[in-house]
Amino acid sequence: MAEVRLSIAGMMCAGCVSSVDQALNDVEGVTSAQVNLGERTATVTGDFSLEILLLAVKKAGFKVQQLTSLADETEKEMQELQAYHTLWWRALVAGALGFGLFISMLIGWLPNLEEGRIFWLVISVITLLILIFVGGHFFRGAWIALQNKRANMDSLVAMGTGTAWLYSTLVLLFPDAMPTIARHVYFESAIIIIALVSLGAALETKARGRTSEAIKRLIGLQPDTARAVRGGKEIDIPIAEVGLEETLRVRPGEKIPVDGVVIEGQSFVDESMLTGEPMPVDKRKDAKVFGGTLNTQGSFLMTATGIGRETALARIIDLVRKAQSSKPAIGRLVDKIAAWFVPAVLLIASLAFVLWYFFGPEPQLAYAIVVAMTVMVIACPCALGLATPISIMVAVGRAAENGILIRNGEVLQQASRLTTVVLDKTGTLTEGNPQLTTVLPSLNISEKEVLSLAASLEMNSEHPLGLAIVNKAKAENIEYSPASDFSTLEGRGIQGQINQQTIWLGNAVLMNEKNIAIDAMLGKAEELAGQGETPVYLAQKGKLLALLGISDPIRSDSKQAIERLHTLGLKTVLLTGDNERTAQSVALQLGIDEVIANVMPADKIEKIRSLQAQNEVVAMVGDGINDAPALTQADVGIAIGTGTDVALEAADIALMSASIQGVSKTIGLSKATMKNIKQNLIGAFIYNLIGIPIAAGILFPFFGILLSPIIAATAMSMSSVTVVSNALRLNKAKI
């Protein structure tokens, strides 16, 4: 399976998106194609021939090139900048001539058609040259669309301006064939329409460029060079020449060139550009560092472990781009509607022409042509086509700047509908750095012996609670050695052989399962749980040896995050494998609505399903391997950045920082995004629903009002600019 990213020039509206999408999906081996009108790109996956893929897009009438590197992306930006300047040049040339002609006609400086026929024939030629050299791309686009049996915005502009020029020229060449009252020319309208549409496209291009600023900033984080240590010397090399396991020097104030591990030295690194967390992170030997982050203080040596497209920054950029290109369900529905928009407008223009020609006042032909032209010019398929993708682009980019990675646009729509947020405890609401705080031997055994036995078992475990025991033993210099026949008892604890004796370490469920009496310690266990500590029992030969209490401090901002979720109208649920008393203690401190405790990892998914069966739209927030199935089952899975790779891969949203503040930010952003999309769609639909009938002359019988093609062109140009400008408001929305 290959995945390619394409730059596609010439897409103007949803009709173009539909054509490109069909062309790509018709290529043998293509499994999915995501076309982004806002960014003028497509992401295609499958087992296909790249040559055939590119040819299919070219046959559909669009310029296409593959984007494989940062240089390609830069070239694409330069081409868009050039296109922006070209559009401005077209708008200025056509605008100066068009408005000059319009004003001259308005104040009576120009001869009438009969006396100045030669003058007006010259104006006809000048208008034709402007249509060819300034607006020629509209006619080329319309011709290509016609060859491909489709219609787009180019079709509307070309037919509108072309009709105006043709009618006006026929009036000059064959004046006797027209009624005297119908002898009027519209050269100025044709020129001004070209000017206004070009101006609108230029403003839209400029505004669209701002929607991808987040990506540009992420790309800008990547330094151009790295300082490699080779042969005992430090030399500056291009970033592309850095190899795996290469030793690099990073000095104060420099950006870390690639992902790696510190091997010598110590510093504080600003990782806010990746995680959104403002405080620099202490980096010492064996600490991981990430390309693009800023070394603020000390100098250190590092070994490169991730280069090129394998760095965290490169993967984030790739993920953001894919998410920006994706469409939520509402976007796909709008695309289907918009694909029929231009044919519908052409049909309405034709009907308007017929009605005005047969039933309109004199001069009927002139009125019919002006009305049909105005209908075609005022219709704006761009606004409909941009309404959804432009908001998604801005939202995903803003999320990335806040350390929130959203996998696709569908997630944003789902997150806006959430009613319940389910949270794991350890490592999610808590620091994920448990500490052994209580050791209570129950028999003739010392605290030191308890720690030795427990650490010998737990050194084989990867559970955070086990790490707390091992760290305590290390801190007190207690000797321990690996247990034999070690096994994990899912959701209950662990067991192993020490000195040919079976040792169990786990919760009350495990003790009851092994028929080990714990009554003597139940009261103390309840007391520990009430203080937020997790009680763990150690047993051997069917007897309880000790009770251990492990505490995992609650994150300082967890309470604030829960309060924010409640403000958003969401129910919160704590779902944990920990005991009921400890879970209730944590929930009470944070103000969580409901607690589901003593849950086996395999049962978490059933609890999620149970909530969904109650018509709840559920988000699951977790960080561990045992959360992966629940993250997948939830309507929206959110993995925090300190979690395992499995959890991050299973989730729809990844928080780069350890704070769950990102959960409320994500939901707040999703609600703002869907509101923004609906505003765009309502605005675009209302604009067309009101504008097209007025252009068709619906007000004329009642008020004698007939819309000018020039006003129609102005309205059309500004409608798409309005949609993009509204989407950019998401950059300042409160989340």
So with a 6.0 Å cut-off around CD of Gln22, is the heavy-atom count from everything else above 12? no
For the backbone of Leu173 and the side chain of Arg117, can you confirm whether one donor and one acceptor N or O come within less than 3.5 Å of each other? yes
Take a 6.0 Å sphere around OH of Tyr357 and say whether it holds more than 12 heavy atoms from other residues, nucleotides or ligands. no
Ring pair (Phe, Tyr, Trp, His ring centres under 6.0 Å) partners of residues 671-720, not counting sequence neighbours, each pair once: Trp356-Phe700, Tyr367-Phe700
Please tell me whether Thr43 and Gln34 have a donor and an acceptor in their side chains that are separated by less than 3.5 angstrom. no
Any heavy-atom pair between the side chains of Asn36 and Met393 that's under 4.5 Å? yes
Could you point out which residue of Ile369, Thr163, Val375 forms a side-chain contact (heavy atoms from CB on, under 4.5 Å) with Phe353? Ile369
From Leu129 atom CG to Ser124 atom OG, the distance as rounded to the nearest 0.5 Å: 9.5 Å
Do Ser391 and Thr673 have side-chain N/O donor and acceptor atoms under 3.5 Å apart? no
Do the side chains of Phe139 and Asp154 get nearer than 4.5 Å, heavy atoms only? no
Given the options Val636, Thr666, Leu568, Leu418 meets side-chain contact (heavy atoms from CB on, under 4.5 Å) only with Val636
Near Ile698 CD1, under 6.0 Å, is it more than 12 heavy atoms from other residues, nucleotides or ligands? no
